[in-house]
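Everything below concerns the one structure shown next.
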Amino acid sequence: MPPNTDDFTDEALVIECKKDQKHFAVLVERYVPKLTKYIKRRSLATSDDIDDLLQNIFIKVYRNINEYDTSLLFSSWIYRIAHNEMIDWYRREKRRATLSLDDEAQDIVSKLITEEDMTARFSHDEQKQYIIKTLNTLGEKYKEILLLRFFEEKSYEEIADILKIPSGTVAVRINRAKKQLQQALKDYETNN
Amino acid sequence: MKPTTDTTEKILTAIESQRVTPRPTWYFTLRNSLFWVPGIITTLLGAYTVAGLLYGVLHPHPNPLFLIAAIPLLWVISFMLFSMITISLLRKTHSGYRHTTLQLLLISVASSIILGLLFYAITQDANDNNMKTYYRYPTEHQNDFFERNYSTLRIN
């Protein structure tokens with residue numbers, strides 16, 4: 001009787017994939033929803049673009065499955081491939097990364113506000129929209145890092161592995177991004 | 001496993017129709033090994049420089065400017081160039097990106113110093129003999145070379 005792969009961790013599934021490629025379908029099933037959300041939040045891609053991007057990502061994952069290093073979380077590795085694929089896509093399409101936040105993401109913006117102790121001042125939808133707009137004015141590296149930290153809920157270590165940078169740099173960039181965001185919110189407060 | 005969504009099915013069909021196959025493990029092992037080649041060259045260049053400098057410091061020449069003349073400038077420049085290449089390539093290895101540029105530079109310099117000390121210790125006897133000969137019987141050619149290239153550095 002074949003093992004029930006539903007209970008397998010991603011890392012165990014990759015090991016199984018190397019033995020029997022049919023297990024790859026389970027990984028695809030697990031990551032299609034997560035990566036779809038990630039791509040949607042990072043871009044204004046159409047559903048056809050998203051399908052193409054997902055296809056390219058999973059083809060790369062499958063082709064390079066033997067490169068996967070089990071000391072790394074599989075999710076970090078696949079997000080790294082997705083991140084690189086997105087960058088290639090921006091280049092091909094000559095676009096700039098734009099955060100496009102859904103309803104769920106707006107709740108996360110609220111969480112970010114709460115964490116930054118700005119609840120009293122920023123609680124209305126209009127102000128949340130302003131925050132999203134402000135997020136989009138940040139530099140690419142800050143935008144990406146805030147997205148991974150607050151929207152994809154990745155740890156500092158995971159972000160370091162995804163972006164291939166030291167974890168100290170992750171902390172520095174998050175702090176700078178928060179400061180820039182706070183400054184923008186202060187400006188908003190002053191002007192309104 | 002049977003795909004449960006259209007997207008999953010499309011992806012799996014694309015993999016099958018494009019006949020995508022996983023690259024073999026040896027391909028990645030070889031590629032990752034290549035990233036280390038500039039690192040090895042850098043360390044060797046650095047070690048050679050350290051050994052040369054150490055010899056210059058521990059065996060002072062009657063003319064102190066000899067030490068300046070003895071600094072292997074080409075090696076130093078090559079070392080700096082290869083260090084930059086090494087650091088950028090080490091970032092592409094499995095765990096190289098976890099270290100800062102400073103950490104990678106320090107590791108590179110420390111390896112060169114350790115290996116340089118080793119080079120110096122191994123070749124010390126041979127160097128001593130060569131230098132004794134040089135000091136006792138400097139040839140006309142050697143003196144000319146020094147005069148031609150480094151006479152402007154002389155302290156009168």
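Residue numbers begin at 1 in each chain, while the letters A, B, ... track the order of the sequences. Any value given below was found using the heavy atoms of this structure, including those in side chains, with hydrogens, waters and symmetry copies removed.
With salt bridges taken as basic N to acidic carboxylate O contacts below 4.0 Å, none links Glu140(A) and Arg42(A).
Taken from OG1 in Thr8(B) to CG in Leu27(A), the straight-line distance is 11.0 Å, to the nearest 0.5 Å. Note that OG1 of Thr101(B) is 8.5 Å distant from CG of Leu105(B), once rounded to the nearest 0.5 Å.
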Test Tyr48(B) against Leu115(B) for side chain to side chain contact (heavy atoms under 4.5 Å, CB included), laying out the working first. CA-CA 8 Å; Tyr48(B) 213 33; Leu115(B) 203 65; over 6 Å; no
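When only modelled atom types and interatomic distance are considered, Ser71(A) and Asp69(A) share a side-chain donor-acceptor pair under 3.5 Å.
With a 4.5 angstrom heavy-atom cutoff, Phe28(B) touches chain A only via side-chain atoms. Heavy atoms closer than 4.5 Å to chain B are found in both the backbone and the side chain of Ile59(A). Both the backbone and the side chain of Asn64(A) have a heavy atom closer than 4.5 Å to some heavy atom of chain B. Looking at Asn56(A), there are no atoms closer than 4.5 Å to chain B (heavy atoms on both sides), in backbone or side chain.
When the candidates Asn32(B), Thr100(B), Thr25(B) are compared by the number of heavy-atom contacts under 4.5 Å with chain A, Thr25(B) comes out ahead.
Not a single donor-acceptor pair under 3.5 Å links the side chain of Tyr38(A) to the backbone N or O of Glu152(A).
Tested against Glu85(A) for a salt bridge (charged side-chain N to carboxylate O under 4.0 Å, His left out), the candidates Arg91(A), Lys60(A), Arg80(A) yield a single pass: Lys60(A).
Contacts with chain A (heavy atom to heavy atom, under 4.5 Å) involve these residues of residues 13-22 of chain B, listed by number: Ala14(B), Ile15(B), Gln18(B), Val20(B), Thr21(B), Pro22(B).
Environment of NZ in Lys34(A): crowded, with over 12 heavy atoms of neighbouring residues, nucleotides or ligands closer than 6.0 Å.
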